[in-house]
Protein chains: 2
Amino acid sequence: MTTRRDAVHDTLRQSEGFRSAQDVYAEMRQHGAKIGLTTVYRALQALADGGHVDVLRTDDGESVYRACETGEHHHHLVCRRCGRTVEVAGPAVERWAETVGTEHGFTEITHTVEVFGTCSSCSRTPRPA
Amino acid sequence: MTTRRDAVHDTLRQSEGFRSAQDVYAEMRQHGAKIGLTTVYRALQALADGGHVDVLRTDDGESVYRACETGEHHHHLVCRRCGRTVEVAGPAVERWAETVGTEHGFTEITHTVEVFGTCSSCSRTPRPA
DNA sequence: TGCAAAATGAAAATGGTTGTCAAAGTCGAC
DNA sequence: GTCGACTTTGACAACCATTTTCATTTTGCA
Ligand SMILES: [Zn+2]
Ligand SMILES: [Zn+2]
Ligand SMILES: [Zn+2]
Ligand SMILES: [Zn+2]
């Protein structure tokens with residue numbers, strides 16, 4: 001029953017970085033999969049809701065997904081050129097967020113933290129412009 | 001020449017939290033301002049590009065803007081209920097981001113950090129559901 | 001005053017995402 | 001094995017924030 005969802009999950013697992021719904025859809029069709037775009041969107045949503053994949057928004061507002069190794073809370077170091085992504089932990093950041101929120105009387109504190117950069121492989125190739 | 005842009009900036013300054021382009025447009029019209037939606041979008045973009053206002057994306061992909069007090073690099077503690085926003089500094093986070101990026105061979109490191117919570121005023125009102 | 005360049009905004013286009021709904025698949029009950 | 005209730009699927013249309021177009025002001029300046 002979850003064949004489609006698993007297929008989407010698998011496709012995501014084979015990707016190095018974050019991929020958009022349209023990316024995943026295109027790739028699956030490329031590999032001969034018989035699936036609709038709507039279903040890909042639904043599968044990704046379900047996977048995200050269930051905490052099986054991570055989601056974030058690109059600068060241009062697109063949602064991108066990634067099947068991370070660890071199920072625990074973590075953040076990402078993403079290459080802005082090629083998308084290569086490294087999962088990173090930040091105990092100091094976790095504490096800081098909690099503290100700063102509490103200090104101002106806020107409760108139920110959450111946070112979003114992403115780090116971007118140019119990876120070593122990409123910084124070797126000629127500059128963009 | 002920058003009359004419109006200043007008007008948009010002023011409207012933003014009178015707001016406590018982050019506001020969307022449509023919000024700003026609606027409020028300006030409410031107050032009798034003669035301005036088009038396109039111009040509001042352009043003004044906000046220009047202000048953001050010039051570093052005069054901060055931008056971030058809501059969970060549903062909308063861009064929201066805020067005229068912050070300080071021009072220096074900072075982050076935000078935002079009430080997810082009423083939008084009240086506090087500007088916060090996080091030297092530890094700045095260092096952590098730089099370090100974690102460098103450790104993995106990344107250069108030109110940037111980061112996005114936002115903290116969300118329920119402010120003391122809001123946590124006094126009855127629970128949502 | 002004259003006019004080229006910049007700003008404006010109404011309307012149309014864009015594009016990712018979600019809603020609709022009829023067709024296809026699932027599965028236990030009989 | 002068949003039937004019917006329920007779920008899943010996906011082509012297509014609808015949404016909606018944002019961008020593009022482009023004709024019409026407005027501005028800056030000689
Ligand atoms: Zn790279
Ligand atoms: Zn964290
Ligand atoms: Zn609040
Ligand atoms: Zn910072």
Side-chain angles (χ1 to χ4, degrees), chain A residues 1-12 15 17-67 78 80 83 85 112 114, chain B residues 1-12 15 17-67 78 80 83 85 112 114:
Chain A
M1 65 177 90
T2 49
T3 332
R4 308 306 175 114
R5 183 152 63 202
D6 286 340
V8 168
H9 200 174
D10 286 344
T11 301
L12 219 47
S15 301
F18 283 84
R19 311 293 303 274
S20 73
Q22 316 253 2
D23 279 349
V24 173
Y25 171 69
E27 185 158 323
M28 292 183 76
R29 298 294 292 226
Q30 209 97 95
H31 287 269
K34 184 171 156 291
I35 192 171
L37 181 57
T38 308
T39 305
V40 173
Y41 271 105
R42 278 194 287 240
L44 288 172
Q45 251 166 358
L47 288 167
D49 287 351
H52 297 106
V53 305
D54 285 1
V55 201
L56 61 84
R57 293 258 176 190
T58 63
D59 282 340
D60 53 327
E62 210 177 7
S63 290
V64 287
Y65 305 82
R66 181 171 194 268
V78 184
R80 67 169 64 83
T85 299
T112 66
E114 305 295 339
Chain B
M1 65 179 90
T2 49
T3 332
R4 309 305 175 113
R5 181 151 66 203
D6 286 339
V8 168
H9 201 175
D10 286 344
T11 302
L12 220 45
S15 302
F18 282 85
R19 311 292 305 273
S20 73
Q22 315 256 0
D23 280 347
V24 173
Y25 171 69
E27 183 156 325
M28 292 182 77
R29 298 294 290 227
Q30 210 96 95
H31 288 268
K34 184 171 157 290
I35 192 171
L37 180 56
T38 308
T39 305
V40 172
Y41 270 104
R42 278 193 286 241
L44 288 172
Q45 251 167 359
L47 288 168
D49 287 350
H52 298 106
V53 304
D54 284 1
V55 202
L56 61 84
R57 292 255 177 192
T58 63
D59 282 340
D60 53 326
E62 211 177 5
S63 289
V64 286
Y65 306 80
R66 182 172 194 266
V78 184
R80 67 168 67 82
T85 299
T112 66
E114 305 296 337

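This one's a predicted model, so the numbers in the text were calculated from it and none came from an experiment.
OP1 or OP2 of dT18(D) lies within a sub-4.0 Å distance of a side-chain N or O belonging to Ser63(B).
Open room surrounds CG on Asp59(B); 12 or fewer heavy atoms of other groups in view lie less than 6.0 Å from it.
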Give the table of side-chain donor-acceptor pairs shorter than 3.5 Å for residues 48-55 of chain B, with sequence neighbours excluded, one pair per line with atom names and distance.
| unit_1 | atom_1 | unit_2 | atom_2 | d |
| --- | --- | --- | --- | --- |
| Asp54(B) | OD2 | His74(B) | NE2 | 3.0 |
| Asp54(B) | OD2 | His76(B) | NE2 | 3.1 |

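Met28(B) CE to Arg4(B) CZ: the interatomic distance, rounded to the nearest 0.5 Å, is 8.0 Å.
Within the 4.5 Å cutoff, side-chain heavy atoms of Val8(A) are placed close to those of Ile35(A). At least one side-chain heavy atom of Phe18(A) sits less than 4.5 Å from a side-chain heavy atom of Leu56(A).
With dT18(D), dT9(D), dT17(C) as the candidates, the nucleotide lying closest to the side chain of Arg4(A) is dT9(D).
When the local axes at the two ends of the helix from dT1(C)-dA30(D) to dC30(C)-dG1(D) are compared, using 5 base pairs at each end, they differ in direction by 10° after rounding to 10°.
Sorted by first then second residue, the side-chain hydrogen bond (donor to acceptor under 3.5 Å, both in side chains) pairs that include residues 31-48 of chain B, not counting sequence neighbours, are Gln22(B)-Tyr41(B).
For Thr112(A), the side-chain hydrogen bond (donor to acceptor under 3.5 Å, both in side chains) test picks out no residue, with sequence neighbours left out. The side chain to side chain contact (heavy atoms under 4.5 Å, CB included) check on Arg19(B) picks up Leu12(B), Ser15(B), Asp23(B), Val24(B), Glu27(B), with sequence neighbours excluded.
Against DNA chain C, the stretch residues 35-60 of chain A makes heavy-atom approaches under 4.0 Å through Thr38(A), Tyr41(A), Gln45(A).
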